[in-house]
Amino acid sequence: MVFKGTIKIEPEENWYVATCLENNIASQGKTIEEAMANLREAISLYYEDEDKMEELNYMQNEEVYITRLEMAI
């Protein structure tokens, strides 16, 4: 199965933190590439559980829209 996820990457002190928005799995690395590699590993380990695979099958069929909102308040 191919995993499709929306990933947010944020700098945090000397690290980059990569978080998958669909399942809230996060990992970190000294570079963006390292953070993404570590996140791939964390997601793979998370979905080794059969119950989590059922969740993944459901989640992968949902459409996701990401946008930014800027407004005066």
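The shown structure was predicted, so the numbers you read here are calculated from the model rather than taken from an experiment.
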Quiz item: If you measure from CD on E13 to CD on Q28, what distance do you get to the nearest 0.5 Å?
Solution: 10.0 Å
Self-check item: Gap separating the OH atom of Y46 from the CD1 atom of I25, nearest 0.5 angstrom
Solution: 5.5 Å
Quiz item: Judged by atom type as modelled, is there a donor-acceptor pair below 3.5 Å linking the side chain of E22 to the main-chain atoms of T6?
Solution: yes
Exercise. Heavy atoms only: give me the nearest N14-K30 pair and the separation to one decimal.
Key: O-CD, 3.6 Å
Practice problem: State, to 0.1 Å, how close G5 and C20 come at their nearest heavy-atom pair, and which atoms those are. | Solution: CA-SG, 4.4 Å
Quiz prompt | F3 with M36, same ILVMFWY side-chain cluster at under 4.5 Å | solution = yes
Quiz item: Should I7 and Y16 be counted in the same cluster of Ile, Leu, Val, Met, Phe, Trp and Tyr side chains packed under 4.5 Å apart?
Solution: yes
Quiz item: Is K8 salt-bridged to E10, cutoff N-O under 4.0 Å?
Solution: yes
Exercise. Heavy atoms only: give me the nearest G29-N38 pair and the separation to one decimal.
Key: CA-ND2, 4.2 Å
Self-check item: Within one Ile-Leu-Val-Met-Phe-Trp-Tyr cluster: L39 and Y47, side-chain cutoff 4.5 Å
Solution: yes
Self-check item: Interatomic spacing from CD1 in I9 to OG1 in T19 - rounded to 0.5 Å
Solution: 9.0 Å
Exercise. Could you tell me which residues satisfy salt bridge (Lys or Arg N to Asp or Glu O under 4.0 Å) with E34, sequence neighbours excluded, listed by chain and number?
Key: none
Quiz item: For the hydrophobic clusters of this structure (ILVMFWY residues joined by side-chain heavy atoms under 4.5 Å, transitively), does one cluster hold both I32 and I43?
Solution: yes
